Number of protein chains: 2
Amino acid sequence: MPIPFDVLAEPQRRRILDLLLERPRLVGELTAELGLSQPNTSKHLRVLREAGLVRVRQDGQRRRYELRPEPLAELDAWLAHYRHLWSASFDRLERHLDQLKDDPS
Amino acid sequence: MPIPFDVLAEPQRRRILDLLLERPRLVGELTAELGLSQPNTSKHLRVLREAGLVRVRQDGQRRRYELRPEPLAELDAWLAHYRHLWSASFDRLERHLDQLKDDPS
DNA sequence: CAGTTATATAACCCACGGCGTATGTTGGAG
DNA sequence: CTCCAACATACGCCGTGGGTTATATAACTG
């Protein structure tokens with residue numbers, strides 16, 4: 001699963017992720033809160049679903065969408081290659097992480 | 001300066017960033033290594049420049065482009081809101097960071 | 001100065017994607 | 001079974017943006 005840069009490039013989809021970060025929501029709730037048409041909301045949800053960023057739970061007649069953070073973790077891994085450029089204490093931080101791994105106190 | 005999701009959504013632009021992560025490069029070098037036309041390379045560089053992701057140094061007749069990581073740091077800050085979802089030891093890590101800040105040994 | 005090299009800009013073409021309206025599908029209510 | 005509610009899909013419209021070719025600009029070369 002590649003990093004979904006293009007999926008995240010869409011502002012409304014990021015708004016959906018922000019909303020789902022608080023709690024899972026129904027399609028109707030998202031439609032109302034985003035101010036989009038229902039079909040458009042469904043379309044964005046489909047894109048997010050195919051990118052692995054959300055998953056659905058059928059709840060009777062309704063569908064509850066919730067966050068799936070794995071692709072964001074991959075984005076984080078990509079960012080890691082650049083992180084030392086702005087994080088002055090990055091190397092020291094990494095040593096501490098290694099330390100934690102060896103001795104998970 | 002907003003987070004340049006749309007700028008990063010373009011694969012060739014990410015390739016440029018990857019190349020500039022190794023070392024600064026001339027436009028001609030990038031053109032050759034990317035296999036793009038020179039105008040197209042310049043166009044991508046302009047987008048990256050206006051997003052604050054690269055900066056130029058005039059070097060005689062040539063222009064040397066180099067990375068500017070600040071916008072990526074902002075992307076990292078955005079990701080931070082989601083990080084606890086996949087990083088089990090995130091809270092413990094944060095405590096260690098705070099500890100470092102108080103006592104920069 | 002003229003000629004050449006390095007890069008930027010302009011003008012155009014075309015595919016992709018976000019939006020809305022209309023319609024299909026599925027599940028619950030009576 | 002019928003009707004309705006929640007959601008998904010189909011289709012058409014239109015703006016945006018990546019690609020190309022042609023041209024402008026600017027600096028070094030002699």
Side-chain angles (χ1 to χ4, degrees), chain A residues 1-20 22-68 71 75 78, chain B residues 1-20 22-68 71-72 75:
Chain A
M1 186 113 49
I3 305 176
F5 284 101
D6 49 338
V7 175
L8 295 173
E10 230 296 312
Q12 308 285 21
R13 285 197 283 264
R14 291 199 301 276
R15 292 183 62 201
I16 292 178
L17 295 183
D18 286 341
L19 290 170
L20 296 184
E22 301 175 3
R23 53 179 171 83
R25 315 217 177 197
L26 305 176
V27 178
E29 294 175 329
L30 290 172
T31 298
E33 289 166 315
L34 295 170
L36 298 178
S37 69
Q38 176 268 314
N40 195 14
T41 305
S42 282
K43 204 165 176 182
H44 282 309
L45 286 171
R46 178 188 184 135
V47 174
L48 288 167
R49 209 184 327 125
E50 290 175 347
L53 281 161
V54 301
R55 72 187 210 93
V56 212
R57 271 206 330 141
Q58 189 101 16
D59 181 16
Q61 191 178 1
R62 308 164 169 196
R63 307 207 179 176
R64 190 172 308 272
Y65 278 81
E66 58 185 56
L67 210 52
R68 255 204 35 147
L75 171 59
W78 177 81
Chain B
M1 185 111 50
I3 305 175
F5 284 100
D6 51 336
V7 175
L8 295 173
E10 231 293 315
Q12 308 285 20
R13 285 198 283 263
R14 291 198 302 277
R15 292 184 61 202
I16 292 178
L17 294 183
D18 286 342
L19 289 170
L20 295 185
E22 301 174 2
R23 54 180 170 82
R25 314 217 179 199
L26 306 175
V27 177
E29 292 175 332
L30 290 171
T31 297
E33 287 166 316
L34 295 170
L36 299 178
S37 69
Q38 176 266 314
N40 195 14
T41 304
S42 283
K43 208 168 172 180
H44 282 309
L45 286 172
R46 178 189 185 135
V47 175
L48 289 168
R49 211 186 324 127
E50 289 174 348
L53 280 161
V54 301
R55 71 185 212 93
V56 214
R57 271 206 329 140
Q58 189 101 19
D59 181 17
Q61 191 180 2
R62 307 161 168 199
R63 307 207 179 178
R64 189 171 309 272
Y65 278 81
E66 57 186 56
L67 210 51
R68 256 205 36 153
L72 293 179
L75 172 58

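Not measured: the values here are computed from a predicted model. All heavy atoms count here, side chains included; hydrogens, waters and symmetry mates do not. Lettering of chains follows the sequences in order, A, B, ..., and the numbering in each one begins at 1.
DNA chain D lies under 4.0 Å from at least one heavy atom of each of the following residues of residues 53-61 of chain B: Gly60(B), Gln61(B).
Distance Arg15(B) CZ to dG18(D) P: 15 Å, rounded to the nearest Å. Here the C1' atom of nucleotide dG19(D) and the CZ atom of Arg46(B) are 16 Å apart, to the nearest Å. For the pair Arg14(B) CZ and dG18(D) P, the computed distance is 12 Å after rounding to whole Å. If you take CG of Asp6(A) and P of dG17(D), they are 14 Å apart, rounded to a whole angstrom. The separation between Leu36(A) atom CG and dG17(C) atom C1' is 14 Å, rounded to whole Å. Computed from coordinates, the Leu45(A) CG to dC19(C) P distance equals 12 Å when rounded to whole Å. Regarding Leu34(B), its CG atom lies at a distance of 14 Å from the P atom of dG18(D), rounded to whole Å. Per the geometry, CZ belonging to Arg25(A) stands 17 Å off P belonging to dA6(D), to the nearest Å.
Toward the 5' end of DNA chain D, the nearer of the two residues Arg62(A) and Asn40(B), judged by each one's closest nucleotide, is Arg62(A). Mapping Gly35(A) and Lys43(B) onto DNA chain C via the closest heavy atom, the residue that lands nearer the 5' end is Lys43(B).
Residues Tyr65(B) and Leu53(B) have side chains not in contact (no heavy-atom distance under 4.5 Å, counting atoms from C-beta outward). Using a 4.5 Å heavy-atom cutoff, the side chains of Arg62(B) and Arg64(B) are not in contact. Leu17(A) has its side chain within reach of Val54(A): a pair of non-hydrogen atoms, C-beta onward, lies under 4.5 Å apart. Two residues are said to be in side-chain contact when any heavy atoms from C-beta on lie closer than 4.5 Å; His44(B) and Leu34(B) fail this criterion.
The distance from the CG atom of Leu67(B) to the CG atom of Asp18(B) is 9.5 Å, given to the nearest 0.5 Å.
Set against dG18(D), dA8(C), dG18(C), the side chain of Arg13(A) has dG18(C) as its closest nucleotide. In the set dA22(C), dA8(C), dT20(D), the nucleotide with an atom closest to the side chain of Arg63(B) is dA8(C). Side-chain proximity of Val27(B) to the nucleotides dT7(C), dA10(C), dC7(D) is greatest for dT7(C).
For Ser37(B), a side-chain nitrogen or oxygen approaches OP1 or OP2 of dT20(D) to under 4.0 Å. One finds a side-chain N or O of His44(A) lying less than 4.0 angstrom from the OP1 or OP2 phosphate oxygen of dC19(C). Listed pair Tyr65(A) / dA6(D) fails the phosphate criterion, with no side-chain N or O lying under 4.0 Å from OP1 or OP2.
When heavy atoms are screened at a 4.0 angstrom cut-off, Arg64(B) is found touching no nucleic acid atom at all. At the heavy-atom level, Leu26(B) lies under 4.0 Å from the strands shown only through sugar-phosphate atoms.
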Compile the donor-acceptor pairs under 3.5 Å between side chains in residues 2-12 of chain B and protein atoms, sequence neighbours left out, one pair per line.
unit_1	atom_1	unit_2	atom_2	d
Glu10(B)	OE1	Gln12(B)	N	3.1
Gln12(B)	OE1	Arg15(B)	NH1	3.1

Could you pull out every donor-acceptor pair under 3.5 Å between side chains of residues 23-32 of chain A and any protein atom, sequence neighbours left out?
unit_1	atom_1	unit_2	atom_2	d
Arg25(A)	NE	Leu19(A)	O	3.3
Arg25(A)	NH1	Glu33(A)	OE1	2.8
Arg25(A)	NH1	Glu33(A)	OE2	2.4
Arg25(A)	NH2	Leu19(A)	O	3.4
Arg25(A)	NH2	Glu22(A)	OE1	2.4
Glu29(A)	OE1	Leu26(A)	N	2.9
Thr31(A)	OG1	Val27(A)	O	2.9
Thr31(A)	OG1	Thr41(A)	OG1	3.3

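Arg68(A) places a side-chain N or O within 3.5 Å of a backbone atom of Gly52(A) that can act as its donor or acceptor partner.
Side-chain to base pairing of Gln38(B) with dA8(C): one donor and one acceptor N or O lie within less than 3.5 Å of each other.
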